[in-house]
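Working notes, beginning with the structure itself.
Residue numbers start at 1 and run along the sequence shown.
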Amino acid sequence: MSERESSTPMRHSIVKAKLRRNEPALITTLHYIDPTLFEMTSLLGFDAIWMDLEHHAYSVETAANLMRAARVGVSDIVARPAKGEFMRMARLLEAGAQGIMYPRCESAAEAAEVVRWAKFAPLGERGVDGANADAPYCSAPMKEYLQKANEETFVVVQIESPRALGEVEAIAAVPGVDVLMIGPADLSVLSGVPFEFDHPSMLAARQRVAAAAKNAGIHWGSTSPNAAHSRTLMELGARFICHGADILLVKSGLEQIQEQYSALGFTFDNRLRPVAAPETTRG
């Protein structure tokens with residue numbers, strides 16, 4: 001390989017590197033579309049930023065600008081499109097996402113379709129361009145780029161329904177799937193025990209996903225509300241841990257201000273207090 005080729009500034013995945021070493025990776029979520037948040041979080045050194053385009057309405061163009069801000073630092077971008085949005089998924093990878101989190105996967109056939117769109121041949125059939133941030137900008141030797149993109153892109157498949165849980169062993173065995181991720185909110189709702197995350201059926205689901213990942217030689221993970229819960233997941237072998245979200249951090253901080261200043265006699269017309277709910281786990 002020439003000096004120019006070896007110095008091509010292709011991004012490597014922190015998450016995938018840590019998973020290869022069986023080390024835990026911590027992923028945090030940013031919902032607000034201020035590039036400053038992405039820049040700051042990435043500069044702080046989080047392993048990855050979860051960009052959720054399944055439940056939030058911003059465009060791929062906006063997502064690309066947020067990824068651009070994150071490139072100032074070190075964090076991977078894990079982008080979640082909606083179910084079946086394979087063309088959008090491909091564009092998110094072109095924009096520079098290192099990982100795809102695919103929601104509501106129901107079968108091994110669907111997981112194989114995700115891999116097909118996420119990987120270049122011979123591992124898949126992802127379309128080749130090279131003119132965007134992931135190449136970057138026609139600067140990488142294409143053979144090296146195709147190889148490195150396949151090596152560094154990771155695929156997270158979410159297990160979020162009883163049907164998916166019933167197929168989890170087959171899903172885990174699909175070549176190219178790197179991580180099984182339980183979506184506890186949706187799984188609990190569809191299992192008839194909404195937000196009862198300690199229900200025996202939910203604990204059994206966690207055990208089954210952990211066993212399926214271990215048997216297939218891949219990793220698994222979940223969302224986690226706190227460090228103690230994360231320790232429990234890690235003791236079961238989880239290495240892909242998703243914790244925290246900007247909206248929750250801002251809300252909690254504002255509530256702390258109100259609590260402190262209420263003691264001084266300040267009053268607040270808090271319209272959220274009547275509907276406040278206990279801490280929950282995202283799906």
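For Ser252 (side chain) and Leu248 (main-chain N/O), no donor-acceptor pair under 3.5 Å exists by modelled atom type. Here the side chain of Lys119 pairs a donor or acceptor atom with the backbone of Asn150 at under 3.5 angstrom. Remark: side-chain polar atoms of Arg88 are paired, donor with acceptor, to backbone N or O of Leu53 under 3.5 angstrom. When atom types are taken as modelled, the side chain of Glu160 and the backbone of Arg104 share a donor-acceptor pair closer than 3.5 angstrom. Although no hydrogens or angles enter the test, the distance criterion places a donor-acceptor pair under 3.5 Å between the side chain of Asp76 and the main chain of Val15. Within the 3.5 Å criterion, the main-chain N or O of Glu23 finds no donor-acceptor partner in the side chain of Arg239.
Residues Ser42 and Ile49 approach most closely at N-CD1, 4.3 Å, considering heavy atoms. Of all heavy-atom pairs between Thr153 and Ala118, the closest is CG2-O, 4.1 Å. Here the shortest heavy-atom pairing between Pro162 and Ser191 reads CG-OG, 3.6 Å. In this structure, Ala210 and Leu236 approach most closely via the heavy-atom pair CB-O, 3.7 Å. The minimum heavy-atom distance linking Ala64 with Ala95 is given by the pair CB-CB, 3.9 Å. Nearest heavy-atom pair, Leu233 versus Ser222, reported as atom, atom and distance to 0.1 Å: CD1-CB, 4.1 Å.
Inter-residue side-chain proximity for Leu19 and Phe154 is flagged as unmet; no heavy-atom pair is nearer than 4.5 Å. Two residues are said to be in side-chain contact when any heavy atoms from C-beta on lie closer than 4.5 Å; Thr223 and Pro184 meet this criterion. Side-chain contact check for Tyr58 versus Met51: some heavy-atom pair is nearer than 4.5 Å. For the pair Ile14/Ser75, no side-chain contact is recorded, criterion being any heavy-atom separation below 4.5 Å from C-beta on. Side-chain contact between Met202 and Glu196: absent, with no pair of heavy atoms (C-beta onward) separated by less than 4.5 Å. Two residues are said to be in side-chain contact when any heavy atoms from C-beta on lie closer than 4.5 Å; Leu180 and Ile218 meet this criterion. Trp220 is listed as a side-chain neighbour of Arg206, based on a closest heavy-atom distance under 4.5 Å. Here the side chains of Val189 and Phe195 are in contact, with some heavy-atom distance below 4.5 Å.
Other residues, nucleotides and ligands contribute only 12 or fewer heavy atoms inside 6.0 Å of the OH atom of Tyr261. Annotation for Phe38: atom CZ counts as buried by contact number, over 12 foreign heavy atoms lying within 6.0 Å.
For Thr41, there are no side chain to side chain donor-acceptor pair (under 3.5 Å) partners, not counting sequence neighbours. In this structure Asp198 satisfies the side chain to side chain donor-acceptor pair (under 3.5 Å) test with no other residue, sequence neighbours excluded.
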Candidate pair Arg273 and Gln258, rule side chain to side chain contact (heavy atoms under 4.5 Å, CB included), full reasoning: CA-CA 11 Å; Arg273 190 181 301 279; Gln258 289 189 337; 4.1 Å; yes

Going through the checks in order, is the side chain to side chain contact (heavy atoms under 4.5 Å, CB included) test met by Met142 and Val128? CA-CA 9 Å; Met142 290 309 294; Val128 180; 3.6 Å; yes

Take Tyr32 and Ile247, measure what side chain to side chain contact (heavy atoms under 4.5 Å, CB included) needs, and give me the verdict at the end. CA-CA 7 Å; Tyr32 295 129; Ile247 188 171; 3.4 Å; yes

Steps toward side chain to side chain contact (heavy atoms under 4.5 Å, CB included) verdict (His219, Val156): CA-CA 9 Å; His219 291 276; Val156 181; over 6 Å; no

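The hydrophobic clustering, which links ILVMFWY residues whose side-chain heavy atoms are closer than 4.5 Å, places Leu190 and Ile182 apart. Under the 4.5 Å side-chain contact rule for hydrophobic residues, Leu37 and Leu254 share a cluster. There is a path of hydrophobic side-chain contacts, each under 4.5 Å, that joins Val250 to Met40. Cluster annotation: Met89 and Met87 are assigned to the same hydrophobic cluster (Ile/Leu/Val/Met/Phe/Trp/Tyr, side-chain heavy-atom contacts under 4.5 Å, transitive). Under a hydrophobic-cluster definition in which Ile, Leu, Val, Met, Phe, Trp and Tyr are linked whenever side-chain heavy atoms come within less than 4.5 Å, directly or via other members, Leu30 and Leu26 are assigned to the same cluster.
Between the side chains of Glu151 and Gln147, at least one donor N or O sits under 3.5 Å from an acceptor N or O. With hydrogens and angles left out, the side-chain atoms of His243 and Ser224 include no donor and acceptor closer than 3.5 Å. There is a side-chain donor-acceptor pair under 3.5 Å between Glu106 and Ser161.
Ring to ring, Tyr102 and Phe86 are close: their centroids are under 6.0 angstrom apart. Aromatic ring centroids of Tyr145 and Phe120 lie under 6.0 Å apart.
In this structure, CG on Leu203 lies 8.0 Å from CD on Gln207, to the nearest 0.5 angstrom. The CD atom of Glu54 sits 7.0 Å away from the CD atom of Gln158 when rounded to the nearest 0.5 Å. With values rounded to the nearest 0.5 angstrom, Lys251 atom NZ is found 6.0 Å from Leu272 atom CG. Here the CD atom belonging to Glu85 is positioned 8.5 Å from the CG atom belonging to Leu92, to the nearest 0.5 angstrom. For the atom pair CG (Leu93) and CG (Asp129), the distance works out to 12.5 Å, reported to the nearest 0.5 Å. Here the straight-line distance linking atom CZ of Phe240 with atom CE of Met234 works out to 14.0 Å at 0.5 Å rounding.
In this pair, Phe268 and Phe266 present their aromatic rings parallel. The plane angle is below 30°, not in the 30 to 60° band. Ring geometry for His56 versus His31: interplanar angle under 30°, hence parallel rather than tilted (30 to 60°).
Glu110 and Lys83 are joined by a salt bridge, as a carboxylate oxygen and a charged side-chain nitrogen come within less than 4.0 angstrom of each other. Using a 4.0 Å cut-off between charged nitrogen and carboxylate oxygen, Glu125 and Arg116 count as a salt-bridge pair. At a threshold of 4.0 Å, the pair Arg231-Glu235 does not count as salt-bridged, since none of the basic side-chain nitrogens sits closer than that to a carboxylate oxygen. By the 4.0 Å N-to-carboxylate-O rule, Asp134 lies close enough to Arg126 to be salt-bridged with it.
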Identify all side-chain donor-acceptor contacts of residues 166-179 below 3.5 Å with residues at least two apart in sequence or on another chain.
from	atom 1	to	atom 2	distance (Å)
Glu169	OE1	Arg208	NH2	3.0
Glu169	OE2	Arg208	NE	2.9
Asp178	OD2	Val155	N	2.8

